Amino acid sequence: MTVETFATATVHAPSGMVVTPDHLASSAGVAILRAGGSAADAAVAAGAVLAVTNQHECGMGGDLFALVHQPGERPAALCAAGRAGSGADPVQLRAEGHQRMPSPGDVRAVTVPGCVDGWIELHRRFGRLPLAEVLEPAMTYAAAGFPVSPQLAESVTGLVHRPGADDYRDPAMAAGGRVPAGALIRRPGVAAALDAVVTGGRAGFYLGAFGYGLIALGDGLFTWADLARNQAEWMEPLHTTAWGYDVWGTPPPSQGYLTLAGVAVAEGLDLPAPDDPAWAHLLSEAARQVGADRPQVLHEGADGAALLAPERIAAQRAAIDPDRRRDLAPLTAGGGTVACCVVDRDRMGVSLLQSNASAWGAGLAEPETGIFLHNRGIGFSLEAGHPAEYGPGRRPPHTLAPALVTRPDGSLRSVLATMGGDAQPQILVQLLARLLHHGEPAGAAVDAGRWVLAAAPFRTWDDGGPGVLAVEPHASAAWDDGLRARGHTVTRHEEPHHAFGHAQVIDVDAGEGVLDAAADPRALVGAAAGY
């Protein structure tokens, strides 16, 4: 179908708000807020439901990043990115002829999943309710069943063709990959895994049935010591100022610095109204300039503050021609992610992302629980000596990039996040420009047509960077000719596509403190739910 425009209204609530790409998860989060839970409790509850209902995009076999705003405190960044197993061997992969990390179907693209450690750590530091109560909605959906969303129904059809799909103990396979939207399915293995977390903590999961299955599937890739190591770590967030606000992001190995660099560059540009093709030109050029060297500079040991140094930002801004697409100097997204945003009565805000990397991750499931394993290891390099080279205990460069915004007085302004692979910072820069610079309400900003730098979802910056600017079907009609006149190669999509992201936004009104939110209509069943 061709979409002329979306029509998402901004949702308002006085006390608390949860926005996710699945209305079941949003409702679960609001129920936790009503029960006295914090924004962190609600984010974990919603994230756990998403791990059940959206296992084609995220799950207990994936990773997690989050930003937390606690009133009166500096925002906190949580990295729950898993590490490669002790058996990770880049030499063997190169000897087999691989120039890039293999996937799908290859367990070597799997790192120890960090999602469950992320839930536990987020709840430990900022939670109020017992973890059993927080995870109860997800356990109920997994055990009693939930209706299949249109996107899950479409995604399962592709999964059935992967090697060994008949061996996956997942009820979604019951109809041979033909699961109609609205059909009720159950995931008892996931219910058991959630119960193991409640009764045994992280050990119940990582050192229990799931751990045994992962070690067997890895066949020497993982050890018990790998699984005993906590994958979640609190880090110092990155920060910049733009349009009078403080914008916060996650540090390496996350690509969150690209969001902050993009808005820092854009603030110094003369941005016209968003319908003007110069708007798309300037912001896309900002994204190209700040991201051009990402393959070289992004790794777990990278200095995020140095990547946002004023002289670096100034040079990137100076390289932008307002009238012409510039060639980049030679250089030496789709997929499986969900975004969840929460603000509670006390104005704690959480921006959380969970991800399989690619849809269904590596296409491999731990057989006892039916939990699909992510393929986040595709972010590693196989170049010998590269700072992001695949190796034991290392974390790969990560696309997950949650964001939040505070006012100069430290109060919460916005919480936002999106899926979209490499395009996540590009989508966030467009949203932040609309929200902060142009003053658009959340619904209008989320609805508006987007551009993305078109390439493979996780290879945007390879081989000199993207050469095509893709635009949504309902983006400004003036963009095409105006962008081409500036030297861009433009592709206008005829139908909505996941590459343009599923963004979730919550704004906190400066006056009455009312929460204004929007769930991305591109997710089809998303919801902004408040009370």
Side-chain angles (χ1 to χ4, degrees), residues 65-69 74-79 81 235-269 271 282-300 302-320 333 339 341 349-353 397-408 410 412-418 420-437 445 452-453 460-461 501 503 505:
F65 275 79
L67 282 170
V68 181
H69 171 268
R74 184 178 176 85
L78 178 62
C79 169
M235 296 181 167
E236 187 69 17
L238 298 181
H239 147 263
T240 193
T241 57
W243 301 302
Y245 296 94
D246 293 303
V247 185
W248 302 85
T250 43
S254 163
Q255 66 170 346
Y257 79 95
L258 289 180
T259 303
L260 307 190
V263 295
V265 168
E267 185 193 30
L269 302 174
L271 290 182
L282 291 170
L283 289 184
S284 64
E285 286 294 275
R288 289 177 67 241
Q289 290 296 332
V290 302
D293 60 355
R294 197 193 80 167
Q296 286 70 48
V297 302
L298 181 59
H299 52 89
E300 64 176 326
D303 184 344
L307 295 173
L308 295 172
E311 59 272 17
R312 179 178 165 91
I313 297 298
Q316 291 164 338
R317 185 186 299 120
I320 295 174
C341 295
V350 178
S351 175
L352 179 146
L353 286 167
H398 229 286
T399 57
L400 299 190
L404 60 83
V405 182
T406 56
R407 296 183 171 87
L412 185 63
R413 164 61 164 85
S414 304
V415 179
L416 63 163
T418 184
D422 285 350
Q424 287 182 35
Q426 303 162 35
I427 296 163
L428 292 175
V429 167
Q430 293 172 75
L431 288 170
L432 289 165
R434 289 180 179 277
L435 293 167
L436 306 183
H437 182 55
V452 295
L453 301 174
T460 298
W461 305 107
V505 173

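This structure is a prediction, so every number in the text was calculated from the model and none was measured.
Applying the side-chain contact (heavy atoms from CB on, under 4.5 Å) test between H437 and each of L432, L271, V263 identifies L271 as the sole match.
Between G249 and L260 the shortest heavy-atom distance is N-CD1, 3.8 Å. For the residue pair P75 and P237, the shortest heavy atom distance occurs at O-CG, 3.2 Å. The two residues L298 and P253 have their closest heavy-atom pair at CD1-O, 3.7 Å. A pairwise comparison of heavy atoms in S351 and V415 identifies CB-CG1, 3.5 Å as the closest pair. In terms of heavy-atom proximity, L308 sits nearest to H239 at CD1-O, 4.1 Å. Taking both residues in full, the closest heavy atoms of E236 and P251 are given as O-CG, 3.4 Å, listed atom of the first, atom of the second, then distance.
Taking CZ of R317 as the reference point, atom CD of E285 lies at 14.5 Å (rounded to 0.5 Å). Taken to the nearest 0.5 Å, the CG atom of L453 stands 4.0 Å off from the CD atom of Q426. Between L258 atom CG and L307 atom CG the span is 8.5 Å, to the nearest 0.5 Å.
Every side chain to side chain contact (heavy atoms under 4.5 Å, CB included) that A286 has, sequence neighbours left out, goes to V265, I320. The side-chain hydrogen bond (donor to acceptor under 3.5 Å, both in side chains) test applied to R407 returns no partner, not counting sequence neighbours. Checked against ring-ring contact (aromatic ring centres under 6.0 Å, His included), H299 has no partners two or more places apart in sequence or in another chain. Here T418 pairs with Q424, I427, L428, A503 under the side chain to side chain contact (heavy atoms under 4.5 Å, CB included) rule; sequence neighbours left out. Under the ring-ring contact (aromatic ring centres under 6.0 Å, His included) criterion, H398 pairs with F65, sequence neighbours left out.
Using a 4.5 Å heavy-atom cutoff, the side chains of L238 and P252 are in contact. Side-chain contact between L436 and V247 is present, with at least one heavy-atom pair separated by less than 4.5 Å.
Sorted by first then second residue, the side chain to side chain donor-acceptor pair (under 3.5 Å) pairs that include residues 252-265, not counting sequence neighbours, are T250-S254, Q255-R294.
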